[in-house]
J.: 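Here you go, one structure.
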Amino acid sequence: MSVTTRNQTEPPGARAEVGTGIEAVDLVKSYAPPAARGRGRNAPPPVPALRGVSFAAPQGTILGLLGPNGAGKTTAVKILTTLSTPDSGTALVAGIDVAKNPTAVRRVIGYVPQKPSFDPNLTGRENLILQARIYGANRADAGRDADAILARFGLSEAAGRITRKWSGGMQRKLDVAMALIHSPKVLFLDEPTTGLDPEARSELWTAIADLTRAGDLTVLLTTHYLEEADRLADHLVIVDRGTVVASGSPEQLKDGLAGDTIHAGVASPDLVESARAALLGVDGIDEVTVDGTDLYARAASASRVLAGVVAAFEAAGVPLATVTAARPSLEQVYLHHAGRSYRSAQEDRREEESA
Ligand SMILES: Nc1ncnc2c1ncn2[C@@H]1O[C@H](COP(=O)(O)OP(=O)(O)OP(=O)(O)O)[C@@H](O)[C@H]1O
């Protein structure tokens, strides 16, 4: 596979300024290998999850941590929420060092893990009251706060029903509401819309987008959905195999890729090299990335080169299975920086997991 030059839009080690909601500097974390697989010389090496990851989010913004499965997103969130410690590196949440003062950090954060955290046998209101009481609210305040947050998330009507009977989308909103009941300064959402249908996902996106509009809440959202990251994040950090491959606002990242992408597909791997040579021979194409039997070329203007691409394939005797042109999207940003398409990164991961 040929890999395009990596060109980060921001130095990942850039220090944050005053008013920072989250700051992670050079986080490194490996997990012990599964004990059963071997000991001594035959023991497998540790599993690297983060290999020096840095990012920062100004207070009152949404930071998106985007990456395929296994990229290291949950590990970063676990460190920032004090559930795990890094092997090295530092992390500040609302200005507090997570390693030096984890108790203070826990007081100012809300955390929505991937798995639901509410009691399915209680009503929505009961769950929220219980949560508020855990954080020290008296009975009256807990009831008032629960009602206010139920209304804010459009859950007032369902408030008195057992949550086990709620829809997936409503349950997910309740998870977020519970994490917000004590008015945290920083909210962590770990893949909040995984498993939701498109309608419920879109509704939750609106609710999340509204969160930071009202005040100075900082949100860190992990996701493997490109569209979710594009729509919600003020600032995006793209991670792959435990490293930051690019960061910036979604617009900055897309604008950083001037021009268009031409996607040319061939039917079999033995045609790829000739296809690559054909593409590189077209006037106006200056960069080609290969991902399996898909080739992606960058050009200042697709309309000027498309006819040339078709002619070059014909002249080389390489049948084109597909050819399309597209404006830069986060898919192209990922491809450009990680050297493989987002789809194939997800597939690689699934294969690693089943091996
Ligand atoms: N408790 C653990 N023990 C061993 N390895 C782990 C553990 N947790 C995570 N890993 C490994 O660390 C790497 C990063 O995992 P992590 O869960 O942080 O990624 P992720 O980007 O959140 O992925 P996902 O979207 O699947 O949750 C992966 O290779 C994963 O298999």
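Source: prediction; values computed, not measured. In each ligand, atom 1 is the first atom listed, and ligand 1 is the first ligand listed.
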J.: Is there a nitrogen or oxygen of Ala49 sitting under 3.5 Å from a nitrogen or oxygen of ligand 1?
T.: no
J.: Under 3.5 Å, is there a donor-acceptor pair between the side chain of Lys173 and the main chain of Leu204?
T.: no
J.: A quick test of your reading: do over 12 heavy atoms of other residues, nucleotides or ligands sit less than 6.0 Å from CG of Asp283?
T.: no
J.: Between Glu331 and Tyr342, is there a donor-acceptor pair closer than 3.5 Å when you use the side chain of the first and the backbone of the second?
T.: yes
J.: Would Gln114 count as a contact residue for ligand 1, given that I'm defining contact as a non-hydrogen atom of the residue lying under 4.0 Å from a ligand atom?
T.: yes
J.: What atoms of ligand 1 come within less than 4.0 Å of a heavy atom belonging to Ala71?
T.: 19 (O), 20 (P), 21 (O)
J.: Would you indicate which of Thr74, Leu50, Thr222 comes nearest to atom 17 (O) of ligand 1 when only heavy atoms are counted?
T.: Thr74
J.: Taking the side chain as everything from C-beta on, heavy atoms only, tell me whether Lys29 gets closer than 4.5 Å to Ser84.
T.: yes
J.: Counting each atom of ligand 1 from 1 as listed, which ones have a heavy atom of Pro68 under 4.0 Å away?
T.: 21 (O)
J.: Answer with yes or no whether Gly72 contacts ligand 1, where contact means a heavy atom under 4.0 Å from a ligand atom.
T.: yes
J.: Out of curiosity, Thr261 OG1 to Leu295 CG, how far, rounded to the nearest 0.5 Å?
T.: 12.5 Å
